[in-house]
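Some notes on the structure that comes next.
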Amino acid sequence: MATKTLLQGINDALHTEMGRDERVLIFGEDVGLNEGVFRATTDLQKEFGEERVFSTPLTETGIVGAAIGMAVYGLKPVPEIQFSDFIYPAFDQIVSEMAKFRYRSGGEYTCPMVIRTPYGGGIRGGLYHSQSPEAYFTHTPGLKVVIPSTPGDAKGLLASAIRGEDPVIFMEPKKIYRAVKGDVPDGDYTVPIGPARVAREGTDLSIFCYGAMVPVCEMAAEKAQEKDGFNVEIIDLRTLYPIDETAILQSVRKTGRALIVYEAPKTCGYGSEIAAIIAEQAVDSLEAPIKRIGGFDIPFPYTLEKIYVPDAIRVYLGIKDVLDYA
Amino acid sequence: MATKTLLQGINDALHTEMGRDERVLIFGEDVGLNEGVFRATTDLQKEFGEERVFSTPLTETGIVGAAIGMAVYGLKPVPEIQFSDFIYPAFDQIVSEMAKFRYRSGGEYTCPMVIRTPYGGGIRGGLYHSQSPEAYFTHTPGLKVVIPSTPGDAKGLLASAIRGEDPVIFMEPKKIYRAVKGDVPDGDYTVPIGPARVAREGTDLSIFCYGAMVPVCEMAAEKAQEKDGFNVEIIDLRTLYPIDETAILQSVRKTGRALIVYEAPKTCGYGSEIAAIIAEQAVDSLEAPIKRIGGFDIPFPYTLEKIYVPDAIRVYLGIKDVLDYA
Amino acid sequence: MDRGLTLDKHKGNTSMSDNLLQVIQDNAKTAKLPPGLSEADIKRMYEGMVMVRAYDERQKKLQRSGRIGFCVTSTGEEAVQIGTAAALEPADWIYPYYRQYGMLMYRGASLDVLANHLFGNTTDLAKGRQMPAHYTHKETNFVSFSSVIGTHLTHAVGTAMAAQYKGDDVVVATYIGDGGTSSNDFHAALTFAGVRKAPVVFFIVNNQYAISLPVEKQCAAESLHTKGAGYGIPAIRVDGNDIIAVYQAAQEAYARARRGEGPTLVELLTYRAGPHSSSDDPSRYRSQEEMDEWNAKDPLERCKRFMQQLGIWTEAYETQLWESIREKMVEFTNAAEKIDEPSWETMFDDVYAELPDALRRQRDELIATESEFPRDNEGEFPL
Amino acid sequence: MDRGLTLDKHKGNTSMSDNLLQVIQDNAKTAKLPPGLSEADIKRMYEGMVMVRAYDERQKKLQRSGRIGFCVTSTGEEAVQIGTAAALEPADWIYPYYRQYGMLMYRGASLDVLANHLFGNTTDLAKGRQMPAHYTHKETNFVSFSSVIGTHLTHAVGTAMAAQYKGDDVVVATYIGDGGTSSNDFHAALTFAGVRKAPVVFFIVNNQYAISLPVEKQCAAESLHTKGAGYGIPAIRVDGNDIIAVYQAAQEAYARARRGEGPTLVELLTYRAGPHSSSDDPSRYRSQEEMDEWNAKDPLERCKRFMQQLGIWTEAYETQLWESIREKMVEFTNAAEKIDEPSWETMFDDVYAELPDALRRQRDELIATESEFPRDNEGEFPL
Ligand SMILES: Cc1ncc(C[n+]2csc(CCOP(=O)(O)OP(=O)(O)O)c2C)c(N)n1
Ligand SMILES: Cc1ncc(C[n+]2csc(CCOP(=O)(O)OP(=O)(O)O)c2C)c(N)n1
Ligand SMILES: [Mg+2]
Ligand SMILES: [Mg+2]
């Protein structure tokens, strides 16, 4: 067990899984010699060679399309999309092909692969290096969608994704690539895809969040505890699809109040689904209206990024808002 | 005023707007000589010539990209994407460019254009000729998203979209292209983008729906009136973004019960947003849990299409379900 | 068949010349057996083409009488399918689009594989999820096509890269229409295949139209095979209605791939003699004259002439061949029609390797609340 | 400048030959004035290049000292920008990517347009919404670039088609890196431009790398200009560090477009002398040796030598030029730094022509509840 950053947790999973299984291949723009623009693929080409770890031409269509063809043949490709803002040229491949290959072929052909891609704010990247497109994928049957928020989960969930038989969109919160540190078990280690994680136990209010918003919500919850004596529960969803409805409903039934926090534009974001699930299945246990804190319904700005992305101040105000409702 | 099909309403709008404004150009696969695979562009090339109405190479990327470049230069392109299932090759252009051009250029460059595309089930098209991708677009700030359900609205909303200054995704319910008939005013006629339409007044339950689901809900509501004496209100949302929150909240505050019906996969569908809005802003007026009837979270099937797409039977059972809740 | 033949004069052809590989001389009195092909080989190819033609006849009949909802035919393009299939090995993979199902029959798939798919019944390998013409058949490495034009091309490259990585002696053949050369994936696939030297052969089936759009409005290039050079991929243009030429070009391209020399781009000039699909009306956009002109170059007729030149064709052979094949077509499709449609439950299978809880709930609720309300299909496909 | 010149020997060059258009003879003692260019023209171009070089010096300094968050330079690629800009008319349009801002200066944008953008301040034309290097400037028809490689190429074609439709005498110049030639839109743009004969010129800025990937791993073609033939687009390969050659090729291509003869593909061979951006470390993937080799072909040095050959260059001229330009750079950037950042409200403008109600509510709630909590930016850009 070592203390690592989230980025190192990911790198660890890639090392470990490549060592375990020769079918795992890694490729994408600048992931070889340059080891990725965030260095997520550090030492991989050195260790596993150019046949298994290589930089590709600048075509996300080609990266994902070729990965699908490899998966169909029996390999386990783990392509990287340099920024999730640049996943759109591969959107057709993801939605039309990767997600539906097993289904449309009646199970004759399968597509086990993992697309890794950093998402969200945190690096002053403006409109096109900061987006959070998870809701596009959670609305696409056939895909699993995973977003870790701790180094241990990053390793364990990525390992599970690679070992699984389904296509996975594995989104990495670049804002906390290096900012978050935690225990990461050495060697063989998996965290199952599916169950949410109780990041903080509480009784007064449930916050549902994931990725880079988890530490933000944790800070806000601490503040609310300290300043107002509010006892806030935080559910780190981790796997966005399939959704852990049980964990969501259990928590909200306990606390009676729900705050949902995400970076993506609020309208039709992933948080809308959480709100809908609660409104359908646990509305009777609500003591206050559900509240969503999402990004604004605008493209991601540059200079004002600091105001755009939900931070502990906004979440704290949200906690107060929901708990002040009588 | 003439009685027309929804498809004729669209063709009428295209004729009228092309006649009004020389900046309007129409292009897409097979829209010229062949007049579109659904014949939506009937007589347009004949009347306005090959310069203004033409068939393009098989590249949705090119169709939408070129349209953007025209719009930026000051034209009003109205490209057609043959099926919304094939809009994904243009997804990057839509999300990265069309939606964000005005914003990122600080308003120096604008992108007034309308993408017309048929969506949804109804023609036994299987996985790839039946999808309902509206939620991808309503989650994308910068776009307006419009779906008519009557011939008159088809004409009036399309005319407004073409005359507007924003990029619009105009989705056409192909299931009712010819099945629905109604009054269509001749000549100059617009319906404003934004306000929802009360398709049926009622007091017991609000159904929120759009496109091809509107007549389905109407049938179910008739049935519920007849068999059970339930008085169901139907709100045809028409403009999916920007959302007419006022109409939604007003209706649900009146009836106290909400049923949301859409064809797309349920999870993270557009209906999730409607549920979330109600859960945030009108939860106190609910007398029953919200219910969503969406497509299942699976790709669209072929032989079993009849079971996949919500129909009057399913909606009727849903109405009963919500109204039976005590 | 002997794989020794090399088309030296065409090897590595990356020029823009108008050269067109042709072997069959329509006006000759006699012909010699082409190197590497026996009389039996040529007969087998001819019979493969007749099979496709007869299948299409049957499909059209079923569709017109409303027994199936939709069909795609490949009339006029039989040589493309059978010529390139004949040069493949059983271990090789095929990424087709909707107009290459003839390869499936030629590679030994039982006719019920095709017939069941037409009806989308419970034994359909695609489990009734795809429209007709979207065959899948793992046994012959015939990969399921989506409907989305072009997307399979990068898969073909990925599969070829995977085979290369694993050291398998596998070549991938993939097909794209003239229209499909404009797709994003055409560009991505050739880019990737070029730099990775993937063992893949791209066949452009230039049948002159993409639905209603003639090829010259699709692309301003003199010839589509000129696209190869821009990716460093050798390219050749072949008479696609000349099955011997098609066979030879395919064989040479596969051999290059097997030798580790990378991809080849082969443009096959042919003609879509029928409508785009059962929903299309070609008279809206092309003349009878043009159709007649191409019909004169029918690939079955030309192969027949070649067999006559070789002295291996008789009227009796022809009649018997057609009769036996037509009979089979009726038999298999009639049988397929009688098979039940898939059960509602199956609709939820294969979305994931295992059914997630939420999806199980959707399924169970459907069955619990609605099984007493059966439904009928409606709707008509427009293209 | 005179537009009469035609490069006859290169006209309609669609071959794969290694021919490279070069004009400047580095080793010559003297030179003649190229047809159509005056001494003043050449000086203006040289001064344009010095301006870009000096701007890049200044950007780097500001970035290293933390005064701006990020920067992109174009050192080594000045001739590409200025040579192609010099041959354009004011009414023509430019669809650049992030490495052509030199054209903006050359076409007369005030330096504060650039400086304000670097700081994303309240007078930035992009209103502080884009990272540095994403300039927009309608006054000079310099169109806002997103960040997404390639997407602007189809816009360029659409704009050219629109100009053609309206009968405007407008040519569109657009730029793409060697890496960007693999993008979907490169393919779509050339396809469309070819069949529609759009008045657009595609400049491939082949600077040998896409971040860390060398061009030969990007594409297996002998040369990127060979891509033209596959779209029916005449193509030419030019020494991109030879400003006279760049100018002449651009001028000829624009003239073709203006004559209604359609698009041209121009590959400009150059070298990205600096890192990809302020976040990149090229020593990870390329050798000092290679860099030195290319530095010897620096476009400013070569233009200087040409001016010496023409006898229109002196030390005094050079010194004075640099001094005055450097001074301006400091002045404008210092001024820009002092300007306020955009107000929170502005974040909600320009999403739509008019602010929708729901968005107005989001804005008003933000201001009402949070204006008392100002925030600082954090985070560092990785590439
Ligand atoms: C991405 C995409 N866009 C549009 C369509 C609709 N469509 C189906 S077939 C076709 C034309 C294909 O022409 P071509 O590639 O020449 O093949 P052919 O049918 O002639 O064999 C079109 C436009 C589609 N299936 N996929
Ligand atoms: C679609 C997309 N994918 C990836 C990136 C990340 N990226 C930014 S620049 C770049 C390389 C561009 O190389 P090239 O086109 O040669 O231009 P150069 O920077 O060399 O001028 C990459 C991969 C991007 N911006 N857009
Ligand atoms: Mg075709
Ligand atoms: Mg480059």
Side-chain angles (χ1 to χ4, degrees), chain A residues 22-23 25 27 51-52 54 56-75 77 79 89-90 92-93 95-113 141-144 164-167 193-194 239 241-246 277, chain C residues 93 95 124-130 134 136-139 142-148 150-166 168 170 172 183-185 187-196 198 200 342 346-347 349-354 356-359 361:
Chain A
E22 286 208 333
R23 294 173 305 165
L25 261 64
F27 47 95
E51 283 228 292
R52 294 187 62 192
F54 54 92
T56 64
L58 206 170
T59 160
E60 289 77 13
T61 304
I63 293 168
V64 175
I68 291 171
M70 291 179 184
V72 165
Y73 193 77
L75 300 186
D92 189 26
Q93 281 292 345
V95 167
S96 304
E97 300 295 333
M98 188 171 102
K100 298 180 173 66
F101 226 116
R102 181 189 286 271
Y103 195 75
R104 76 154 181 263
S105 68
E108 281 212 315
Y109 294 98
T110 65
C111 196
M113 58 180 280
L143 302 180
K144 291 184 171 171
E165 291 304 318
D166 293 311
I193 291 181
T239 298
Y241 197 92
I243 306 181
D244 188 349
E245 290 192 9
T246 313
I277 288 172
Chain C
W93 280 50
Y95 278 90
D124 171 20
L125 290 171
K127 300 188 183 166
R129 292 171 189 156
Q130 288 260 58
H134 295 74
T136 180
H137 197 241
K138 199 173 167 66
E139 222 177 284
F142 188 92
V143 182
S144 161
F145 174 68
S146 58
S147 274
V148 186
T151 41
H152 61 296
L153 298 176
T154 47
H155 307 163
V157 176
T159 291
M161 288 166 69
Q164 182 188 46
Y165 168 70
K166 291 181 72 178
D168 296 347
V170 164
V172 180
S183 68
N184 293 339
D185 282 90
H187 187 54
L190 272 75
T191 300
F192 254 74
V195 293
R196 305 298 305 180
V200 57
T346 63
M347 202 166 66
D349 296 340
D350 305 316
V351 185
Y352 297 92
E354 285 173 36
D357 285 346
L359 209 45
R361 278 195 297 276

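Below, chain A is the first sequence line, B the second, and so on; all start at residue 1.
Taking CG of Leu125(C) as the start and OH of Tyr109(A) as the end, the distance is 9.5 Å to the nearest 0.5 Å. Interatomic distance, CZ of Arg129(C) versus NZ of Lys100(A), reported as 13.0 Å (0.5 Å rounding). Distance check, rounded to the nearest 0.5 Å: OH of Tyr73(A) to NZ of Lys166(C) gives 6.0 Å. With rounding to the nearest 0.5 angstrom, the CZ atom of Phe27(A) is 6.5 Å from the CZ atom of Phe192(C). From Leu75(A), atom CG reaches atom CE of Met161(C) across 9.5 Å, with rounding to the nearest 0.5 Å.
For Ala358(C), the part sitting under 4.5 Å from any heavy atom of chain A is the side chain, from C-beta outward, and nothing else. For chain A, no part of Asp357(C) is nearby; none of its heavy atoms comes within less than 4.5 Å. Of the two parts of Ala163(C), the backbone and the side chain both hold a non-hydrogen atom closer than 4.5 Å to a non-hydrogen atom of chain A. The contact between Glu245(A) and chain C is made entirely by side chain atoms (from C-beta outward), counting heavy-atom distances below 4.5 Å. With a 4.5 Å cut-off on non-hydrogen atoms, Val170(C) touches chain A through its side chain but not through its backbone. Contact annotation for Glu22(A): both backbone and side-chain heavy atoms come within less than 4.5 Å of a heavy atom of chain C.
Between chain A and the residues Ala198(C), Ser147(C), Ala162(C), the most heavy-atom pairs under 4.5 angstrom are made by Ala162(C). Ranked by heavy-atom pairs under 4.5 Å with chain A, the first of Gly128(C), Ser144(C), Ala188(C), Ala189(C) is Ser144(C). Each of Val195(C), Leu359(C), Asp349(C) has some count of heavy-atom pairs under 4.5 Å with chain A, and the biggest count is that of Asp349(C). Taking Asp185(C), Asp124(C), Val157(C), Thr191(C) one by one and counting their heavy-atom pairs under 4.5 Å with chain A, the maximum is reached by Asp185(C). Of the listed residues (Thr61(A), Val64(A), Thr56(A), Ile63(A)), the greatest number of heavy-atom pairs within a distance under 4.5 Å of chain C belongs to Thr61(A). Options Gln164(C), His152(C), His137(C), His187(C) differ in how many heavy-atom pairs under 4.5 Å they form with chain A, and the most are formed by His137(C). Of the listed residues Glu60(A), Arg23(A), Glu51(A), the one with more heavy-atom pairs under 4.5 angstrom with chain C than any other is Glu51(A).
Taking the side chain as every heavy atom from C-beta outward, Lys127(C) and Tyr103(A) never approach each other to under 4.5 Å. Between Val72(A) and Tyr95(C) the shortest side-chain heavy-atom distance falls below 4.5 Å. A 4.5 Å side-chain heavy-atom check between Met70(A) and Tyr165(C) finds every atom pair outside the cut-off.
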Problem set entry | Audit row: His155(C), Phe101(A), side chain to side chain contact (heavy atoms under 4.5 Å, CB included) steps and yes/no | CA-CA 11 Å; His155(C) 307 163; Phe101(A) 226 116; 3.6 Å; yes
For this session: Go through Arg104(A) and Ser146(C) one step at a time and tell me if the side chain to side chain contact (heavy atoms under 4.5 Å, CB included) criterion holds.
Result: CA-CA 7 Å; Arg104(A) 76 154 181 263; Ser146(C) 58; 3.2 Å; yes
For this session: Report the C-alpha separation of Gln93(A) and Asn184(C) in whole Å, then their side-chain angles, then the decisive distance to 0.1 Å, and conclude whether the side-chain hydrogen bond (donor to acceptor under 3.5 Å, both in side chains) test is met.
Result: CA-CA 10 Å; Gln93(A) 281 292 345; Asn184(C) 293 339; over 6 Å; no
Problem set entry | Pair Asp92(A)-Thr151(C), side chain to side chain contact (heavy atoms under 4.5 Å, CB included): steps then yes or no | CA-CA 8 Å; Asp92(A) 189 26; Thr151(C) 41; 3.4 Å; yes
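In this structure, the side chain of Asp350(C) does not engage the main chain of Arg102(A) through any donor-acceptor pair within 3.5 Å.
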